[in-house]
Amino acid sequence: MKSIIQHTGGLSLLFPIPTTTAGGSTCAAALRSLQRAHRLQSVGMSAGDSEGTAGRPEEEEGPRQAGPSLPAVELPRKRKGDVEERSDDHVQQSLDFEMEDDLSRSEGEDQQVKMKCFREPHRQIEKRRRDKMNNLIDELSAMIPACQPLTRRLDKLTVLRKAVHHLKGLKVGSSGAFTDTNHKPSILHQDDLRHLLLSAADGFLLVVSCDRAKILFLSESVSKILNFSQLELTGQSLFDFIHPKDINKVKEQLSSAELHPRQRLIDATTGSQVQADSPVRASHLSTGARRAFFCRMKHSRLAGNHEDKRPMPSSFKKKDSYRYCTLHCTGYMRSWPSSQMDPEGEAEKETSYLSCLVMVCRLHPHVSHHPPKDITVKPTEFVTRCAIDGKFTFVDQQATTVVGYLPQEVLGTSCYEYFHQDDLQHLAETHRQVLRSKEKIETQRYKFKTKHGSYVSLQSQWFSFTNPWTKEVEFIVSSNRVISRGPGHTKDEEEAIGSKALQEDTKQIPIIPGLSSGLGTMIYAGSIGTQIANELIDTYRMNSSPSSGASSPFGSAQEKCPLVSPQTSRSASSREDTAGSSSLSQSDSRTAAGTSSGTSESTGEPSQLDLDNMVVPGLSSFSNDEAAMAVILSLLETDISMGQSGQFEDLHWPF
Amino acid sequence: MTADKEKRRVISREAARKRRQVESEVFRDLSRLLPLQPSVRSNLDKPSVIRLTLSYIRMHALLKVNFATEAETSQSVKYGDVLEGGEEVCDGGQDGGEKETEEATEEASGETQLHLSTLEGFLMVLSSEGDMVYLSDNVSKYMGLTQTELMGHNIFDFTHPSDHEEIRFNLQRMSEGVWCGATRTFVLRIKSTLTQRGRSTNLKSATWKVLHCQGRVRVCSAPSAGSCLLLTCQPLPLSHTLLSSHTFTSQHSMDMRFTHCDQRVTLLLGYSPVELLGRSIYDLCHTLDTDCLTKNHLNLCFKSQSVSGQYRMLVRGGGYVWVESHCAVIPSVRASKSRFRSYQPLCILCVTYILSGVEEPSLLLSLDQTINRYLS
């Protein structure tokens, strides 16, 4: 692909492309001279952008046969740049034309082309730089207020001059932030940086002495996280503010002696646990051993400020008048001259050096994993996890309030035992469906038998958990909520339904076609799930060879796969096709990205390399798995269509 | 005719040179106004000058708006609060700035630097288009590229193509006003020119570095500033993690089944290492946290490193504890532990931190728990 582009690019030089020589603005002209000056730099610089533009044939129209620096070409080139945007389409057209032509070109001309090719990347670079510069200038003019009201596009120089003015204005405004010569100049004022840091991470800096866990320093941002002021905490013992159950944990982190036998370093690249160096106690503390741990700290609800109203997200338990926030603390052991770090400066005077733990404590952002749309539990909801055959393996405590059973009463039994017969058909169908789908599937309203024998109306959202690696369905998660009757329903009605259901239940009339009515409800109800699970397992078994073959390639083109293909072999081969093409595109994109797996190989990063080679191709496509799913689906489909009535007869019940 | 043409050329050449001179002068002015170190400044090319100027102006607009519309921001953050639960209101008057003495500035600077260095990460401000408007100067420690090299560039040029969609997703939700102040947590792969020996190579031979980005959206009302994403980007250092008694390590096959677990798990969760072998981590977690673990698993499969976030692990005898796992894919099972699945070329190493005590210890949530309860 790339070479074709280069070829055509070179070819375009051989063609007299019509050039428009309309008058230009000074901007572009000035730009051009500038770009030439920066040609060299841009080669190095634009590496980052190159991926984006490498594939795009970019043309600078007009003949440029002469050497790049000859002044004779200067003039026409200048003018043409101005209309570039307009003539781009035109160039594109002619390029398309050349592309076709390229194929029928003779060998001799190819030679010529190759020579021209040398200059082609350079032209692309030129064009890219020009575009980039124009974009930058446009952006700049958009940012500067002085350029705003003007509708006319300003020339470069004007924009730059206004930018200079604007910057000068900013400097005056920002009270000597950048004039201060003591520090090395930094883009942001330290105060602003601190502000940003605080906004980005809900954390504070904490320095604790190791011997007595005295809080030596806290950044003032602590007030926003723990609702204690900086002054309230400084000088106090850290343990007074830590969850009682976490005190030992923190103690362990602060003490050096305790840690030695347990200290283990894990090398992520090899996975081996590196034994820590010889345990020299003194050096251990002072050399900055890393610490990372979680602990809960008190959050004051007092102080009566606005924060009172806000619920703290990470509080686990209310104890006394405190709640606790989970903090992720990372930091290093340090030896510090005590006078420097101790704001009061009295207590630690006798020791010239003080061992302390410097850490950043961040509020644990656990909420982000549960966006509101995801499953959350309301009082009338409970969550269950079923094996693929519908056997409960996990039941939320909330279930007790809704259906009356204790989790341990329900666990291990099949969900079908609780369904009302009227709903069995629908629920079995949904069950079958959910095993084949990645989507969350909403059931219809159905009746679930409670502990007291009555039925409660539930509606569930089911989804099957597919292991990302094996792509096999492991279990089904069901979030169930009680459906309150509409306003028309009265409680009497509800009870009536319940009692009616009870009656029906005693009658035990099987409704599923093909099932003999002689068996007990409980036994066959559970078997429905087993049957459905077996269907799935069978399809896994049948597909085991194609699915294992498909573990490395993958397809972004799963749409091409027939959703319901009658033959397994056919769909398998078509999958191979798509897999082939996609792995091609994968390698394409990888080279385009300018990052070489080869380099990671040479730098000896085995984990990275291995992943690239086998994990990413294997997994980045959950699409392929969709293809596999399509096969399963098709198999199931045929199963169902063939043996909807007959399949149950073939089964040998153990009873 | 030719003479005339020649003359015109000479004139235009002269004019062009003058123009160039003027332009260079303006560029020089501009770069002088940027708060850069002289060594950096002298090496800037013109696009870079504009790029940095742009970032500088944007940052200024951003900060100005932040200070000016403090009340407004906290309002929006509070709204986010209701949705997400855990937002922090940016501070009010304490950064007044007027009464700041030199000393205070000095102290603040020291604190901020200490904070940054202890954080083990860098700060990044992303525009809604993905432009890296600001990066703290310690970025070079993590990416090899310097602050001035990166600022103003687009993050998509430096991140793994497969991660672009996720980044875009995180940026996109930002423009929806509802998510003001919403937190963000994601893992991405970014180019790093650092070699294993810590030396910097060129961008062409950059490798991917996995970064854990956490932060929140900042919405600015001023049109020039736009909304931005404030992120701290930290590498995930599974190596050199000091383990405490409230932490256990485990190894898993790629489908998250235990292949090895250290003994501390018995003390913390009740399971013996042997009985965990072959069991999936998904069987041990609270069902409500399946999504969180799936995300973690996917991150591991794609990016080789991940942080699980907080989830609940079931305790053997009943109840659950809140934990967080930091995981990495490592190439092979160690020889000593390779009794099981020794053919498996990859495995997942997890360091799991226990975050809470056992909650609701009498509660039996899973089938395994009931079996364990009544068998033992």
Side-chain angles (χ1 to χ4, degrees), chain A residues 30 33 38 41 47-48 136 143 160 164 167 170 178 185 190-194 199-202 205 224 245 249 252 264-265 267-268 271 290 294 313 316 326 331 358 360 365-369 383 385 393-394 397 407-408 411-412 467-470 477 589 593 599-600 603 606-607 610-611 619, chain B residues 16 19-20 23 26 29-30 33 35 45 50 54 57 60 63 84-86 88 90 108-109 112 115 118-119 123 157 161 183 185 195-196 203 205 207 215 230 232 238-241 243-244 246 254-255 287 292 297-298 301 304 309-310 328 330-331 349 353 355-357 363-367 370:
Chain A
S33 57
H38 287 282
Q41 281 153 325
L136 283 170
M143 285 303 294
L160 287 173
V164 170
L167 275 196
L170 287 181
F178 307 102
Q190 290 296 337
D191 222 41
D192 291 337
L193 182 59
R194 189 180 57 174
S199 311
D202 305 321
L205 193 66
K224 264 154 273 153
K245 283 184 176 163
K249 197 196 281 187
E252 183 185 54
R264 274 196 272 179
L265 302 171
D267 190 349
R290 187 174 185 270
F294 290 86
F316 284 117
T326 305
V358 183
V360 171
H366 77 290
V367 254
S368 56
H369 287 285
V383 175
R385 179 167 69 205
T393 56
F394 180 98
Q397 64 264 43
Q408 52 264 45
L411 289 168
N467 190 301
W469 184 258
T470 60
V477 174
S589 71
T599 44
S600 71
T603 50
S607 71
D610 272 358
L611 259 188
L619 269 156
Chain B
R19 236 182 346 255
R20 281 200 299 276
E23 200 188 78
V26 176
D29 285 349
L30 203 56
L33 284 165
D45 61 1
I50 300 186
L54 263 172
I57 295 173
H60 237 275
L63 289 164
E84 295 257 27
E88 157 265 344
C90 64
S109 143
T112 313
H115 196 145
T118 317
L119 187 71
L123 186 75
D157 296 332
T183 50
T185 306
T195 61
Q196 283 218 313
L203 195 58
S205 52
T207 52
L230 301 181
T232 54
L238 195 61
S239 52
H240 313 300
T241 301
L243 303 173
S244 78
H246 290 75
M254 287 305 289
D255 59 357
T287 303
C292 159
H297 197 171
L298 286 173
C301 294
S304 86
Q310 195 163 303
I330 52 175
L349 187 73
Y353 297 86
L355 306 184
S356 74
L363 202 65
L364 300 175
L365 292 164
S366 77
L367 186 57
T370 49

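Here is the naming used below: chain letters follow the sequence lines, and residue numbers restart at 1 for every chain.
Using a distance-only test at 3.5 Å, with no hydrogens or angles considered, a donor-acceptor pair links the side chain of B:H297 to the main chain of B:M254. No donor-acceptor pair closer than 3.5 Å links the side chain of B:D255 to the backbone N or O of A:T470. Looking only at distances, no side-chain donor or acceptor of A:K245 sits under 3.5 Å from a matching main-chain atom of B:S356.
Heavy-atom pairs under 4.5 Å with chain B were tallied for A:Q397, A:R385, A:Q408; the largest tally goes to A:R385. Comparing B:I57, B:D29, B:L363 by how many heavy-atom pairs each has under 4.5 Å with chain A, the most go to B:I57.
Contacts of B:L33 with chain A are made by both backbone and side-chain atoms, with heavy-atom separations under 4.5 Å.
A:F394 places none of its side-chain heavy atoms less than 4.5 Å from the side chain of B:L367.
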